[in-house]
Amino acid sequence: MKKFHKLTVVAVSLFATWNVYAATQAVEVVQPQVEYQQLVNQRQVVDDLLAQAVEIQKSPARVSDAGFTAKLPSNMERIADILLTAHQLEPYRIDFVLGAANANIYNGNVDKAIELYQKALEVAPDDVKTNMYLASWYRYKGAEADSQKYLQHLEKIAPEKAATLKQMFATIDKVAKAPIVDKSDTKLTNHDAIITLGYALNPDGSMHDILIQRLQKTLELAKQNPDALIIVTGGVPKNNQTEGNLMKKWLVEQGVNANRIFADNYARSTVENALFSRYALAHHKIKHAVLISSGSHVRRGQTLFELATKESGPQGITFETVAALDKPLDQLQKITAKDLLGIYRDSLIVIGLPMFNSGVLRD
């Protein structure tokens with residue numbers, strides 16, 4: 001007990017001594033470089049800018065044709081301007097710069113996008129995404145030497161990403177050179193599938209003529225191949241309807257057994273057509289699939305499905321395309337710059353590079 005008492009006295013004495021010492025010393029405190037309230041306000045401004053960009057991105061205003069459905073170019077210009085304003089407030093946030101660059105890609109302004117990617121690289125020279133973008137878009141432009149420079153840098157800093165990008169390039173090259181056909185002589189079994197890509201519904205929720213053309217081609221192949229699985233994919237709602245449900249209903253009304261048809265009602269883009277449908281292909285162990293879309297769209301669809309299934313399986317699956325002709329067949333044989341841009345843009349998304357990387361805008 002006496003020992004415990006002595007320890008207590010020592011502890012109290014030390015505490016008292018420290019208080020006397022502390023009172024006589026100037027305590028150095030690290031001060032913030034700016035007022036805290038200013039930081040809060042700046043964060044609020046950035047958050048508000050991103051919220052504005054989200055509202056623009058959610059806008060239903062779109063431009064569509066048989067091979068391309070997208071936000072209005074003016075909307076993407078506004079998003080790019082907003083993200084660059086946010087970057088001025090937060091210069092280290094290169095995700096804002098990459099988003100602005102990708103908005104320019106969406107509008108077909110590849111040169112401006114490359115300029116912005118280079119700006120991001122000044123902040124972070126080894127950023128993997130930025131190097132992937134530059135390797136890809138210089139290649140799209142035909143600037144092979146510039147593309148190789150960034151690809152070789154990727155091989156040093158992220159060899160697995162470089163390998164993925166090379167695989168993407170090889171897939172694009174193969175599909176871009178393939179002829180467009182409007183029929184198939186392949187005999188499909190119960191290990192094969194017919195995949196039909198949706199198209200934006202009319203405002204009243206009815207199917208557009210372009211979508212009906214795709215379904216007519218689907219019906220033709222379904223009758224020729226009664227054992228094949230059918231996947232219909234499209235999920236942009238209009239007047240409480242989705243493409244997937246209406247496509248399945250149309251085919252059933254034409255005499256196709258409903259049990260053959262898997263309807264994906266969630267995909268909002270060609271990218272999501274591929275990402276969501278691949279699991280139905282994997283589940284049913286599909287060996288070969290015939291992809292049906294408009295002639296100016298089938299190349300993009302095939303590229304994305306091939307890239308998506310390389311990641312998820314089924315391993316070894318092969319694809320062919322059959323076009324519902326939106327243009328004369330001979331005009332479809334040469335791929336346009338616009339079609340190729342869409343293939344590169346969406347391929348990058350499929351391999352993991354989203355259009356936007358900034359918080360709520362990414363979601």
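This is a predicted model, so every value here is computed, not measured. For this chain, numbers begin at 1 and follow the sequence in order.
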Indicate, with yes or no, if W250 and V232 share a hydrophobic cluster defined by side-chain heavy-atom contacts under 4.5 Å among Ile, Leu, Val, Met, Phe, Trp and Tyr.
yes
For V236 and E243, what are the C-alpha separation, side-chain angles and deciding distance, and is it a side-chain contact (heavy atoms from CB on, under 4.5 Å)?
CA-CA 7 Å; V236 178; E243 301 137 84; 3.6 Å; yes
Are R78 and E55 close enough, and set up right, to give a salt bridge (Lys or Arg N to Asp or Glu O under 4.0 Å), and what steps lead you there?
CA-CA 11 Å; R78 291 167 64 197; E55 288 306 308; over 6 Å; no
Does the side chain of I351 reach to within under 4.5 Å of the side chain of L165, using non-hydrogen atoms?
yes
Which is it for E115 and K112 under the salt bridge (Lys or Arg N to Asp or Glu O under 4.0 Å) test, yes or no, and what are the steps along the way?
CA-CA 5 Å; E115 177 186 322; K112 178 62 177 178; 3.3 Å; yes
Between T171 and S347, is any pair of side-chain heavy atoms under 4.5 Å apart?
no
Just so I know, are the side chains of F319 and I195 near enough to count as touching, which here means a heavy-atom distance under 4.5 Å?
yes
In terms of ring plane angle, is the pair Y138 and Y150 parallel, tilted or perpendicular, where the classes change at 30° and 60°?
parallel
Could you tell me whether the side chains of D209 and Q213 share a donor-acceptor contact shorter than 3.5 Å?
no
Under 3.5 Å: donor-acceptor pair, side chain of N107, backbone of N109
no
Polar contact flag, side-chain donor to acceptor under 3.5 angstrom, T186-H288:
no
Donor-acceptor contact below 3.5 Å, side chain R278 vs main chain G313
no
Any chance you could measure L197, atom CG, to M247, atom CE, to the nearest 0.5 Å?
7.5 Å
Please round to the nearest 0.5 Å and tell me the distance separating atom OG1 of T218 and atom CD1 of I231.
12.0 Å
Keeping the roles fixed (side chain from T303, backbone from R299), state whether a donor-acceptor pair exists under 3.5 Å.
yes
Under 3.5 Å, is there a donor-acceptor pair between the side chain of D204 and the main chain of S206?
yes
When every non-hydrogen atom of R214 is compared with those of S293, the smallest separation belongs to CZ-OG, 3.2 Å
Please tell me whether Y133 and Y117 form a close aromatic pair, meaning their ring centres lie under 6.0 Å apart.
yes
If I take atom CG from residue N245 and atom CG from residue D264, how far apart are they, to the nearest 0.5 angstrom?
10.0 Å
Looking at every non-hydrogen atom in both residues, tell me the closest pair between D326 and S296 and how far apart they are.
OD2-OG, 2.6 Å
Side-chain heavy atoms nearer than 4.5 Å, only ILVMFWY residues, links allowed to pass through others: does that put I79 and V45 together?
yes
Step by step, work out the salt bridge (Lys or Arg N to Asp or Glu O under 4.0 Å) result for D346 and R300.
CA-CA 8 Å; D346 286 358; R300 181 150 52 106; 2.7 Å; yes
Report yes if some heavy atom in the side chain of D127 is under 4.5 Å from a heavy atom in the side chain of L98; otherwise report no.
yes
Locate the shortest heavy-atom distance separating Q302 from L291; write the atom from each residue and the value.
N-CD2, 3.2 Å
Walk me through whether Q44 and D48 qualify under side chain to side chain donor-acceptor pair (under 3.5 Å).
CA-CA 6 Å; Q44 289 171 341; D48 183 63; over 6 Å; no
Quick one: does any side-chain atom of Q333 pair with a main-chain N or O of I180 as donor and acceptor, under 3.5 Å?
yes
Does R139 qualify as a cation-pi partner of F169, given the criterion of NZ or CZ under 6.0 Å from the six-membered ring centre and within 45 degrees of its axis?
yes
Within a reach of under 6.0 Å around CD of E311, are more than 12 heavy atoms found that belong to other residues, nucleotides or ligands?
no
Compare all side-chain heavy atoms of F305 with those of T321 and state whether any distance is below 4.5 angstrom.
no
Does NE2 belonging to H208 count more than 12 external heavy atoms closer than 6.0 Å?
yes
Side chains of D126 and H153: any donor to acceptor distance under 3.5 Å?
yes
Is I317 linked to F276 within one hydrophobic cluster, defined over Ile, Leu, Val, Met, Phe, Trp and Tyr using a side-chain heavy-atom separation of less than 4.5 Å?
no
Restricting to non-hydrogen atoms, name the atom on A135 and the atom on L151 that form the minimum distance, rounded to 0.1 Å.
CB-N, 4.0 Å
Start with the C-alpha gap between N273 and S277, add the side-chain angles, then the distance that decides, and say whether side chain to side chain donor-acceptor pair (under 3.5 Å) holds.
CA-CA 6 Å; N273 289 150; S277 298; 5.8 Å; no
Donor-acceptor contacts, no H, no angles, side chain residues 86-95, under 3.5 Å, sequence neighbours left out:
unit_1 : atom_1 : unit_2 : atom_2 : d
H87    : ND1    : R93    : O      : 3.4
E90    : OE2    : Q42    : NE2    : 3.1
R93    : NE     : D95    : OD1    : 2.8
R93    : NE     : D95    : OD2    : 3.4
R93    : NH2    : D95    : OD2    : 2.8
D95    : OD2    : S358   : OG     : 2.8

Do D192 and K287 have side chains that get closer than 4.5 Å, going by heavy atoms?
yes
Determine whether L341 and Y106 fall in the same hydrophobic cluster, where Ile, Leu, Val, Met, Phe, Trp and Tyr are linked whenever their side-chain heavy atoms lie under 4.5 Å apart.
yes
How long is the span from the CD1 atom in I292 to the OG1 atom in T196, to the nearest 0.5 Å?
4.0 Å
Trace of the side-chain contact (heavy atoms from CB on, under 4.5 Å) decision for L215 with L219:
CA-CA 6 Å; L215 287 173; L219 181 62; over 6 Å; no
Membership question, hydrophobic clusters at under 4.5 Å side-chain separation (ILVMFWY): are L281 and V271 in the same one?
no
With a 4.0 Å cut-off on N to O distance, would you call K217 and E220 a salt bridge?
yes
Run the side-chain contact (heavy atoms from CB on, under 4.5 Å) check on D146 and I114 step by step: do they pass?
CA-CA 11 Å; D146 290 314; I114 286 176; over 6 Å; no
Backbone of H297 reached by a side-chain donor or acceptor of S294 within 3.5 Å
no
Which value, rounded to the nearest 0.5 Å, describes the distance between N239 atom CG and L201 atom CG?
9.5 Å
Would V46 and F96 count as a side-chain contact (heavy atoms from CB on, under 4.5 Å) here? Give the steps.
CA-CA 10 Å; V46 171; F96 296 153; 3.8 Å; yes
Do I105 and W137 make a side-chain contact, defined as non-hydrogen atoms from C-beta onward lying under 4.5 Å apart?
yes
Nearest non-hydrogen partners of N102 and M355, listed with the distance
ND2-O, 2.8 Å
Testing the basics here: between A193 and L188, what is the closest heavy-atom pair and its distance to 0.1 Å?
O-CD1, 4.3 Å
Do the side chains of I56 and I82 get nearer than 4.5 Å, heavy atoms only?
yes
Kindly compute the distance separating NZ (K141) from CG (L340), expressed to the nearest 0.5 Å.
12.5 Å
Please indicate whether N240 has more than 12 foreign heavy atoms, meaning atoms of other residues, nucleotides or ligands, lying under 6.0 Å from its CG.
no
